[in-house]
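Each remark here refers to the structure printed beneath this line.
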Amino acid sequence: MSQLNIKLNGVETSIEAGIDGFKLFTDKSVIALRVNGEARDLAYRPVSGDAVEGILISEPDGLAILRHSTAHVLAQAVQTIRPEAKLGIGPAITDGFYYDFDVEQPFTPEELRAIEKQMDRIVRSGQRFVRRVSNEAAAAIELADEPYKLELIGLKGSSADLGDGAAEVGAGELTIYDNVDPQSGETIWKDLCRGPHVPSTRTVGNAYSLTRVAAAYWRGNENNKQLQRIYGTAWATKDDLKAHQERLEEAAKRDHRRLGQELDLFSFPEEIGSGLAVFHPKGGIMRRVMEDYSRKRHEESGYEFVYSPHITKSNLFEISGHLAWYADGMFPPMKLDQEVNELGHVTKQGQDYYLKPMNCPFHILVYRSQSRSYRDLPMRLFEFGSVYRYEKSGVLHGLTRVRGMTQDDAHLFVTQDQMEAELTNVLNFVLGLLRDYGLDDFYLELSTREEGNPKFVGADEIWERATNTLAKVAQDSGLELVPDPGGAAFYGPKISVQARDAIGRTWQMSTIQLDFNLPERFDLEYTSSDGSRQRPVMIHRALFGSVERFFGVLTEHYAGHFPPWLAPVQVVGVPVASEFGDYLDEIAVKLRARGVRVSIDHSDDRMQKKILNHTKAKVPFMLIAGGQDRDNGAVSFRFRDGSQENGIPVDVAIERILEAINTKAQV
RNA sequence: GCUUCCUUGGCGCAAUUGGUAGCGCACCGCACUUGUAAUGCGGGGGUUGCGGGUUCGAGUCCCGCAGGGAGCUCCA
């Protein structure tokens, strides 16, 4: 046999010509090959000069192949049970996979279980995934019954944007994967697919599960038909699957909607309407503490506080351009003052008033209320501004996506020369403040304009300068920077600060936007040192995004175990018997005098019951006192984790509590 | 907005094929006076989200609306 030279796992190796990946890697945990950087099936036969590595089932690329192969098994199972189901696409996604089907009747949960059973049978039957190169004409005939696949083949020909469909056809050769029965050699099922796949359905194993069914627009376009999408999760081992399910349970326990109910923080009364929250006393305390601290920091950093009304005549948003671009996202107008005679003719022109979806035009009017000099700049106007947006009903989600919210909104008016320094300033201010609230793992996203999209207004060179300035500031921060092309606001590019929470999920927090457009629209000016009229640049920035949303994110981050400075009740006193209640009341008086939020539980519950109740309420400090403590002028701490320290002198206990509050420590 | 599922006392849940609403927690009262995650007894509270329809009879079936969950699309 002739030999050929390849680079095997980085080492120059001579192998027999014509042997495939199965021979090169006998380790069963190798499920595919990486050939010259590209994933291939194990059946691939290396040619001279190839750089070949094994892809392990446990590595990210391997998991993606496993998940995509599981999607094929799902599709085969569905077509076994519902032969009329037409195939959409079936890619791997984070933690799993999905496959879209066009079916007359949506899948029921019971049917999902039947499909899982059928998948098990397919997995056990050990069908081989066999790659076959086809061409557009042949595939079109072969897949005549699969209209969506035909569309993808057509799109491939036209080099249109395939989106998620890239997994099916992608670049290069058009391929079909046959599922071949190992005994008979018969092809049982096939799918248009770029691959690669695991060698056999048996490799899929048993660490997968179908999770839910939902509708999804074909090719992600809401003008297209909705297909039924089945989601699943798939892992290398059963333990990994279990760990994943436990992570989901952990996330569910932290859900701010659930904790908001359990901890009595806020609610969404049906009578008020979707996406409109009320904060209860406990949530109200937290919100006030959050806002007070933010105000204090803004004051220290040179911001000035303004207030503006919740409604305005339409004219304001016509000038700003919001009505032209975002009327759909605004609550419809209140039509006022119009008078009509008996004949239906308008005798007095009315006015349309809108609830404000943004604060910027109001702050602009504050700026414009008098002639400004370069000496006034930078001018930093801050407001907790309540805005209302008519979010589509399907997107509302707890406090994180609402119809009424309060932004911690500021608009900075600066000269072109001050722009970069001020942006750097703002970014550092934002990051510092977020850290104070307990978030400390960040990365930045730079959202820029999409070429040729008419949504973005303003001259090219202005966009370029704004984008370059933001990019420089972002880079100088030293934080990881992720590009987000097309994500800019219509009036300018933005940096957004993304924060990772305690269990690694990322949340978009603050945004900093540069805007040359609104100063133009409102004809803003300042007199420069040489007496000439100049146009200021605007910086929009919200740090929490909205107070509501930030509240929700912090709730999930802390899983309701708020650090003492934020906790609605910081200390609860539990007397061992009611006769010790007075003693605790004396301590409570001292704590209250120092501003601590403390209550003493005088109810006639057993003390064990009281401990249970306050543990469930996630109170940071419980102070327990009985005869021994009273005799010694002491108190006993019980902490959230159930640990305790007995016999702490009262003054020491008070200092410890104050220390924790003042340093914003977590306990 | 679209697809789909859901809605029973403050909260979490039950109610066989449509037969006239139960439980736990919470709440109120009484007793107990307690040393680290549920003391005992008793009591009150729901025309089953709202509006229509089918039926002798609807929490259960049908239609509409509202609110919620999941996903899609969207997010100035």
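Just so it is clear, the model here is predicted, and its values are computed rather than measured. In what follows, every chain begins at residue 1, and chains take the letters A, B, ... in the order their sequences are listed.
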* Asked: With a 4.0 Å cut-off on heavy atoms, is A216(A) in touch with a base, just the backbone sugar-phosphate, or nothing at all?
  -> sugar-phosphate
Can E249(A) and K253(A) be counted as an ion pair, charged N to O under 4.0 angstrom? no
Exercise. Hey, does P357(A) reach any base, or is it just sugar-phosphate, or nothing, if we go heavy atoms under 4.0 Å?
Worked result: base
Touch class at under 4.0 angstrom, heavy-atom based, for R257(A) against every strand present: sugar-phosphate
Please list, pair by pair, any protein nitrogen or oxygen found under 3.5 Å from a nitrogen or oxygen in nucleotides 25-28 of chain B.
unit_1 : atom_1 : unit_2  : atom_2 : d
A26(B) : OP1    : K609(A) : NZ     : 2.6

Should S274(A) be listed as having a side-chain N or O under 4.0 Å from OP1 or OP2 of G67(B)? yes
Check your understanding: What is the nucleic acid contact for Q513(A), judged by heavy atoms within less than 4.0 Å: base, sugar-phosphate only, or nothing?
Key -> sugar-phosphate
In whole angstroms, the gap separating P of C74(B) from CD of Q226(A) amounts to 13 Å
Per-residue pairing states of RNA chain B in dot-bracket (Watson-Crick or G-U under 3.5 Å; . unpaired, | other strand) read (((((((..((((.....[..)))).(((((.......))))).....(((((..]....))))))))))))....
Check your understanding: Hey, are E262(A) and K618(A) close enough for a salt bridge, meaning a charged N less than 4.0 Å from a carboxylate O?
Key -> no
| Can you find a side chain N or O atom of S636(A) that sits less than 4.0 Å from OP1 or OP2 on G35(B)? | no
| query | Should the pair D352(A)-K313(A) be classified as a salt bridge under the 4.0 Å nitrogen-to-oxygen rule? | reply | no
query: Is N646(A) touching bases, backbone alone, or none of the nucleic acid, heavy atoms closer than 4.0 Å?
result: base
* **Phosphate OP1/OP2 of C72(B): any Y231(A) side-chain N/O under 4.0 Å** => yes
Original post:
With a non-hydrogen cut-off below 4.0 angstrom, is G627(A) in contact with a base, only sugar-phosphate, or nothing?
Top reply: base
Exercise for review: Give N223(A) one of three labels, base, sugar-phosphate or nothing, depending on what nucleic acid heavy atoms sit under 4.0 Å from its own.
Suggested key: nothing
message = Would you say the rings of H363(A) and F382(A) are close, in the sense that their centroids are separated by under 6.0 Å?
response = no
- Query: Which part of the nucleic acid does D604(A) contact within heavy-atom distance under 4.0 Å: base, sugar-phosphate only, or nothing?
  - Reply: base
| request: Answer yes or no: is there an ion pair linking D408(A) with R549(A), defined by an N-O contact shorter than 4.0 Å? | output: no
Requested in this report: May I ask you to evaluate whether R638(A) reaches the phosphate of U36(B), defined as a side-chain N or O under 4.0 Å from OP1 or OP2?
Outcome: no
Heavy atoms under 4.0 Å, any strand shown: does E262(A) hit a base, just sugar-phosphate, or nothing?
nothing
To the nearest angstrom, the CE-P distance between M405(A) and A76(B) comes to 10 Å
Does S393(A) put a side-chain nitrogen or oxygen below 4.0 Å from OP1 or OP2 of G1(B)?
yes
So what does H397(A) hit on the nucleic acid, given a heavy-atom distance under 4.0 Å: a base, only sugar-phosphate, or nothing? sugar-phosphate
D641(A) atom CG is separated from U36(B) atom C1', nearest whole Å, by 13 Å
